[in-house]
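Since the structure comes first, as structure tokens, the remarks are kept for the end.
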Amino acid sequence: MAKSMTAGARADNAEGQGKMKTRAYAAAAVKQALAPFTIERRQPGPHDVLIKILFCGVCHSDIHQVRDEWGGAVFPMVPGHEIAGKVVRAGAEVKKWKEGDTVGVGCFVDSCRKCEACVAGEEQYCEPGASFTYNSHEQDGRTPTYGGYSTQITVDENYVVRIPEGMALEGAAPLLCAGITTYSPLRHFGVKAGDEVGILGLGGLGHMGVKLAKAMGARVTVLSHSPGKRDDAQRLGADDFLATRDAAVFEKNLRRFHFLLDTVSAAHDYGSYLNLVKRDGTMVLVGLPEATLLSAMTLINGRRRLAGSNIGGIRETQEMLDFCGKHGIAADVEVIPIQKIEEAYERTLRSDVRYRFVIDMASLEA
Ligand code: NAP
Ligand code: ZN
């Protein structure tokens, strides 16, 4: 009896040391509606922080992945990679954070830390593979990762960023993906004051692209298939608006842009937009729809460049947050309880998001 009790106590203890039951919302299988689900988070190790999640943004990538549109999805899936919250516990060796700090976690929670990309601070391009915040695995290659549609998360201190003081957390959460995904290519491709910049698609990423490019001094034009977004584009800071349902737009704006940032989530003809890029100009794809064909002709004409860009590294994410703090930039958000997630997905798919849904995680505690 005593022996078996000891064995039982040991098992409980081992579980207690290792795991914390955590409320979440998950899709059980491909295309299934999200529903309440319990996950296990690890207890913070010496280099980890435990973060109470207060808000989590809803990225179109969450929808692509729940529907397995990129292939290889891991279920059950707890989406969410725009996490804003507070440190509630810090491991003994943690140097950067203390209890009460206001922090964010973006699209990845770990990486190999050794490859060229990691050493360069571009962990998102980790060669053996970053551990993305959800629909991925920890660096052990086995433990599934679960995202921010949950009440708490344990993360290594080096994969956490500081949210500037005074920034509302619901407006800050979307910066962790939508903000960095637009900031990084604007910086990397050297957008500067006076450049003609086009932002294609006015959704979560697009509206951040407008604000950030404007703060960098560019002249910003929104290209949108939703004519009703004209006033919003102006309010967000855009200098001009092109309604892309009007075919004449493609004739009248040939070779107009130094830089075109394509955030569109659905398949479209890249070639017709490349024609709007100047000689030696660059079009960067950040939207991730299904594959489409592209004729070499549009690239050859005008020595145009077509590039892609994936989020940003930890150092650059912090730089972007500090830039936003300095310029008073945050996302325009519609805060929802998690119980409204399916409706938020439907509205996002209809391009009816103004301009990021953000989940108030208190709704999951209730
Ligand atoms: P979103 O809020 O849904 O915005 C996408 C916008 O694309 C819509 O608001 C709409 O803008 C436009 N659009 C949608 N359907 C369209 C159609 N059929 N034809 C033309 N335009 C259409 O999505 P998001 O969260 O910004 O994400 C956008 C894309 O970026 C997604 O594919 C997402 O997976 C990807 N993403 C990539 C990265 C990266 O690191 N590269 C990071 C995050 C997200 P208008 O109404 O103005 O036309
Ligand atoms: Zn995202």
Short side-chain to backbone donor-acceptor contact, [X] and [Y], under 3.5 Å:
X	Y	answer
Gln65	Ala73	no
Asp246	Ala248	yes
Arg304	Asn301	yes
His207	Leu205	no
Trp97	Glu157	yes
Asp110	Ser131	no
His327	Cys324	no
Asp195	Lys192	yes
Ser184	Ile180	no
Thr298	Ser295	yes

Residue from Gln152, Gln43, Glu99 passing side chain to side chain donor-acceptor pair (under 3.5 Å) with Arg89:
Gln43
Side chain proximity check, [X] to [Y], heavy atoms < 4.5 angstrom:
X	Y	value
Lys229	Phe241	yes
Ser363	Gln339	yes
Ile336	Val358	no
Phe357	Val333	no
Thr133	Thr145	no
Tyr125	Cys118	no
Asp62	Tyr134	yes
Val58	Ile341	yes

Run the side chain to side chain contact (heavy atoms under 4.5 Å, CB included) check on Phe257 and Thr221 step by step: do they pass?
CA-CA 9 Å; Phe257 298 105; Thr221 298; 3.6 Å; yes
Minimum heavy-atom separation for [X] to [Y], with atom names?
X	Y	result
Thr154	Leu50	OG1-CD1, 3.6 Å
Gly204	Ala178	O-CB, 3.7 Å
Leu202	Tyr355	O-CE2, 3.2 Å
Ile53	Met361	O-CB, 3.3 Å
Val210	Gly237	CG1-C, 4.2 Å
Met167	Ile329	CE-O, 3.7 Å

Hydrophobic cluster identity match, Tyr149 and Leu169, side-chain contacts under 4.5 Å
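Yes, same cluster.
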Residues [X] and [Y] bridged, charged N to O under 4.0 Å:
X	Y	value
Glu365	Lys52	yes
Lys21	Glu40	yes
Lys96	Asp156	no
Arg315	Glu122	no
Arg347	Glu334	yes
Asp332	Arg235	yes
Asp280	Arg255	no

If you apply the rule salt bridge (Lys or Arg N to Asp or Glu O under 4.0 Å), what do you find for Arg356 with Glu82, and how did you get there?
CA-CA 11 Å; Arg356 197 58 140 188; Glu82 293 186 338; 2.8 Å; yes
For the residue pair [X] and [Y], categorise the inter-ring angle as parallel (less than 30°), tilted (30 to 60°) or perpendicular (more than 60°).
X	Y	result
His64	His60	tilted
Phe259	Phe189	tilted
Phe108	Phe132	perpendicular

[X] atom [atom1], neighbour heavy-atom count above 12 within 6.0 Å:
X	atom1	result
Lys340	NZ	no
Glu127	CD	yes
Arg354	CZ	yes

Ring centres under 6.0 Å, that's the criterion: do Phe250 and Tyr273 meet it?
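Centroid separation for Phe250 and Tyr273: below 6.0 Å.
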Interatomic spacing from CD in Glu319 to CG in Asp322 - rounded to 0.5 Å:
8.5 Å
Do we see a donor-acceptor contact under 3.5 Å between the side chains of Arg41 and Ser150?
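Side chains of Arg41 and Ser150: pair found under 3.5 Å.
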Identify whether NZ of Lys or CZ of Arg in Arg187 sits under 6.0 Å from the centre of the six-membered ring of Phe323 and within 45° of that ring's axis.
yes
